[in-house]
J.: 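Sharing a structure, written as structure tokens. Questions coming.
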Amino acid sequence: MTGPTAAFLPGADRARPPAAGDLALPVTGSKLLTSVDGRPLRVDDLPADTDWVPLGTLDGVPAWATDLTTTDALPGRARGWASLAAAVPEPYATLAGRALAVVTWRRTHRWCGACRAELADLPGETARRCPDCGLYVPMQLSAAVLVAITRPGPAGRADELLLVRHATGPTGLWALVAGFVEAGETLEAAVHREVGEEVGLSVDRLAYFGSQPWAISGPGVLLAGFTARAADPHTEPVVDGRELTQAQWFGVDALPAQLPPAYSISRWLIDATVTAARR
């Protein structure tokens, strides 16, 4: 399992105001503002009247986000999360994803959905409460699963891994079967359902691998990864034709070049599957 985030600790403490040297993660639309060379900005790089939102700490240094309507006259450049995550250490990529999630949630949850009053921040929490009706509004996560499915290869050859191509998003990549968890569903049940719906297969020997916050699919998405074996190694995948365009078994020693990026849990799963098959 890969992808530790021990150096980043989420938090929502406003008791201490931002200091000049604290980390700054300005969000503009769906992008983050960094220095020109990609390094994190600091609080004193932005105007003194900036409205900051606490994110937690990175290596003990407090980090703050802000929602910018314009980047005119500000230093640096705006970058999407995928571009940033490909170029920075993993803990900072996780922090950047949290900045996007928190700012987007605050932007879209300003008013009470029950009585229309303006929501108020709750001290020490990434949550809001309605001062009129008392509605509690925490920042919610959307859970999704993905699974590396293998089967025995032909006699004398390595195991095979099922890879798929999606109808939307980066359609040129060979990735893993994945999907969002439905209300009332366990993570494991979601894996079985998604595999059945998308490629018409059944799996067994399901094992949890790890998780990763994933800002590309939308703010607040948490991916949970699994490994599994095809229940019937002779069954071929049949794509649903809606979410997937292709599904194919590849020998782990002959994977295609168009794989998910190195910073993704999808790639961690694929690499771990290859390593396990070679032991």
Side-chain angles (χ1 to χ4, degrees), residues 1-5 80-94 96-98 100-101 141-151 158-181 187-188 190-199 201 203 205-230 237 239-240 242-278:
M1 184 173 66
T2 315
T5 55
W81 184 82
S83 171
L84 186 63
V88 300
E90 194 281 329
Y92 181 62
T94 299
R98 176 169 169 81
L100 281 171
L141 297 178
S142 297
V145 293
L146 69 166
V147 56
I149 305 168
T150 56
R151 72 176 183 181
D159 279 1
E160 294 181 330
L161 173 67
L162 182 68
L163 297 177
V164 301
R165 275 181 162 158
H166 292 272
T168 59
T171 56
L173 290 182
W174 285 101
L176 300 176
V177 173
F180 283 96
V181 180
L187 298 176
E188 294 81 1
V191 170
H192 288 288
R193 177 182 54 76
E194 288 289 344
V195 172
E197 289 178 355
E198 294 193 358
V199 291
L201 299 180
V203 295
R205 293 165 59 180
L206 191 64
Y208 177 70
F209 173 82
S211 61
Q212 181 187 25
W214 190 243
I216 290 180
S217 300
V221 173
L222 179 66
L223 294 179
F226 291 83
T227 59
R229 293 288 273 186
V239 297
D240 62 1
R242 294 178 293 104
E243 296 187 47
L244 302 182
T245 59
Q246 289 180 270
Q248 184 176 329
W249 294 104
F250 290 89
V252 296
D253 54 359
L255 296 180
Q258 301 82 9
L259 294 175
Y263 59 81
S264 68
I265 190 173
S266 184
R267 183 60 174 271
W268 304 341
L269 266 165
I270 292 170
D271 291 348
T273 300
V274 172
T275 299
R278 290 174 175 170

J.: With heavy-atom distances below 4.5 Å as the criterion, would you say the side chains of Thr227 and Thr150 are in contact?
T.: no
J.: Of all the heavy-atom pairs spanning Trp81 and Ala93, show the shortest one and how long it is.
T.: NE1-O, 2.9 Å
J.: On a heavy-atom basis, which atom in Ile265 and which in Gly210 lie closest, and how many Å separate them?
T.: CD1-O, 3.3 Å
J.: Which residues satisfy the side chain to side chain contact (heavy atoms under 4.5 Å, CB included) test with Ala178, sequence neighbours excluded?
T.: Leu146
J.: Any chance you could measure His192, atom NE2, to Glu197, atom CD, to the nearest 0.5 Å?
T.: 13.0 Å
J.: Would Val145 and Val181 count as a side chain to side chain contact (heavy atoms under 4.5 Å, CB included) if you check the C-alpha gap in whole Å, the side-chain angles of each, and the deciding distance to 0.1 Å?
T.: CA-CA 7 Å; Val145 293; Val181 180; 3.9 Å; yes
J.: Provide the closest heavy-atom pair for Ser264 versus Trp214 in the form atom of the first, atom of the second, distance.
T.: CB-CH2, 3.5 Å
J.: For the residue pair Trp249 and Glu160, what are the closest heavy atoms and their distance?
T.: CB-OE1, 3.7 Å
J.: Backbone N or O of Tyr263 within a donor-acceptor pair of the Gln212 side chain at under 3.5 Å?
T.: yes
J.: Nearest 0.5 Å, what's the CG-CG distance between Leu259 and Leu173?
T.: 8.0 Å
J.: What's the spacing between Leu176 CG and Arg267 CZ if we round to 0.5 Å?
T.: 11.0 Å
J.: Pick out which of Leu255, Ile149, Asp159, Leu161 makes a side-chain contact (heavy atoms from CB on, under 4.5 Å) with Thr273.
T.: Leu161
J.: Ignoring hydrogens, what is the shortest heavy-atom contact between Leu187 and Ala143? Give both atom names and the distance.
T.: CD2-CB, 4.5 Å
J.: Taking only residues at least two apart or on different chains, which pairs with a member in residues 162-177 satisfy side chain to side chain donor-acceptor pair (under 3.5 Å)?
T.: Arg165-Gln246
J.: As a test of understanding, state which of Val177, Val195, Val147, Leu269 forms a side-chain contact (heavy atoms from CB on, under 4.5 Å) with Phe226.
T.: Val147
J.: Taking Trp268 for its side chain and Ala262 for its backbone only, find out whether a donor-acceptor pair lies under 3.5 Å.
T.: yes
J.: Identify the two heavy atoms, one from Ser142 and one from Phe180, that lie closest to each other, and give their separation to 0.1 Å.
T.: CB-CE2, 4.0 Å
